Enquirer: 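One structure coming up, written as structure tokens, with questions to follow.
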Amino acid sequence: MNDFTNRVREVVSRIPRGKTMTYKEVARQAGRPLAHRAVGNILSKNYDSKVPCHRVIRSDGQIGNYNRGGAEQKAKLLRLEQGLK
DNA sequence: ATAATGACGTGAT
DNA sequence: AATCACGCCATTA
């Protein structure tokens with residue numbers, strides 16, 4: 001858990017509230033445009049509250065999964081942050 | 001060190 | 001629209 005993981009965390013932690021990013025984008029920003037799969041894996045094991053992993057969604061617009069309450073909680077949080085009801 | 005896994009993505013069926 | 005299969009990569013077992 002070094003370079004990539006660290007970069008991913010950094011990028012994700014920089015996602016502003018009320019905004020979302022796709023795994024692909026994160027991977028690209030992290031320097032590994034094709035490692036979107038790994039991004040998910042890393043985030044899935046990431047329990048750091050400093051990293052708003054719930055801001056990361058799929059490219060197809062799907063919510064994706066979440067290790068802290070499931071997609072439900074994730075969608076809920078996003079809905080909340082975005083100020084939408 | 002090697003094999004399996006998964007919070008993905010895209011194209012094909 | 002839904003499902004299937006394959007690719008891609010770091011992490012984990």
Side-chain angles (χ1 to χ4, degrees):
Chain A
M1 133 250 269
N2 278 312
D3 294 328
F4 193 60
T5 311
N6 230 328
R7 290 235 303 294
V8 169
R9 281 185 175 182
E10 204 175 276
V11 172
V12 175
S13 57
R14 269 173 197 153
I15 302 177
R17 178 180 175 285
K19 243 197 124 165
T20 61
M21 215 167 195
T22 72
Y23 293 95
K24 205 168 141 186
E25 284 296 305
V26 172
R28 187 161 62 106
Q29 297 298 313
R32 293 287 182 288
L34 306 183
H36 45 79
R37 235 328 175 127
V39 172
N41 237 345
I42 291 164
L43 291 179
S44 68
K45 308 290 190 302
N46 177 63
Y47 272 75
D48 193 332
S49 44
K50 302 290 173 254
V51 179
C53 21
H54 62 267
R55 305 254 174 88
V56 184
I57 63 178
R58 296 186 47 145
S59 313
D60 340 12
Q62 297 301 118
I63 286 300
N65 224 322
Y66 193 48
N67 64 6
R68 209 162 179 221
E72 284 289 313
Q73 189 63 20
K74 186 170 175 181
K76 199 171 170 186
L77 285 170
L78 288 174
R79 201 162 18 110
L80 214 61
E81 289 184 353
Q82 280 174 128
L84 185 63
K85 174 164 51 62

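Model, not experiment: these values are computed from the prediction. Naming convention: chains lettered A, B, ... in sequence-line order (proteins, then strands); numbering from 1 in each chain.
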Enquirer: Please tabulate, for side-chain N and O atoms in residues 68-75 of chain A, each donor-acceptor pair with protein atoms closer than 3.5 Å (sequence neighbours left out).
Expert:
unit_1  : atom_1 : unit_2  : atom_2 : d
A/Lys74 : NZ     : A/Tyr23 : OH     : 3.2
A/Lys74 : NZ     : A/Val56 : O      : 2.6
A/Lys74 : NZ     : A/Ile63 : O      : 2.9
A/Lys74 : NZ     : A/Asn65 : O      : 3.1

Enquirer: What pairs with A/Arg32 under salt bridge (charged side-chain N to carboxylate O under 4.0 Å, His left out), at least two apart in sequence or on another chain?
Expert: none
Enquirer: Scan nucleotides 7-13 of chain B nucleotide by nucleotide, 5' to 3', and note B when protein non-hydrogen atoms come under 4.0 Å of the base, S if they reach only the sugar-phosphate, - if neither.
Expert: BBSS---
Enquirer: Report the residues that fulfil side-chain hydrogen bond (donor to acceptor under 3.5 Å, both in side chains) with A/Glu25, sequence neighbours left out, ordered by chain and then residue number.
Expert: A/Arg28
Enquirer: Please give me every residue in residues 26-35 of chain A whose heavy atoms get under 4.0 Å of an atom in DNA chain B, ordered by residue number.
Expert: none
Enquirer: Could you tell me the separation between the CZ atom of A/Arg9 and the P atom of C/dA10, rounded to a whole number of Å?
Expert: 16 Å
Enquirer: How would you list, by chain and number, every residue that makes a side-chain hydrogen bond (donor to acceptor under 3.5 Å, both in side chains) with A/Arg7, sequence neighbours excluded?
Expert: none
Enquirer: Applying side-chain hydrogen bond (donor to acceptor under 3.5 Å, both in side chains), can you list everything that pairs with A/His54, at least two apart in sequence or on another chain?
Expert: A/Glu81
Enquirer: Does A/Arg37 have any side-chain hydrogen bond (donor to acceptor under 3.5 Å, both in side chains) partners at least two apart in sequence or in another chain, and if so, which?
Expert: none
Enquirer: For atom CG of A/Asp3, decide whether the heavy atoms of other residues, nucleotides or ligands shown that lie under 6.0 angstrom number more than 12.
Expert: no
Enquirer: Nearest-Å distance, OH (A/Tyr47) to P (C/dT12)?
Expert: 12 Å
Enquirer: List for me each residue that meets side chain to side chain contact (heavy atoms under 4.5 Å, CB included) alongside A/Ser44, sequence neighbours excluded, and say none if there are none.
Expert: A/Asn41
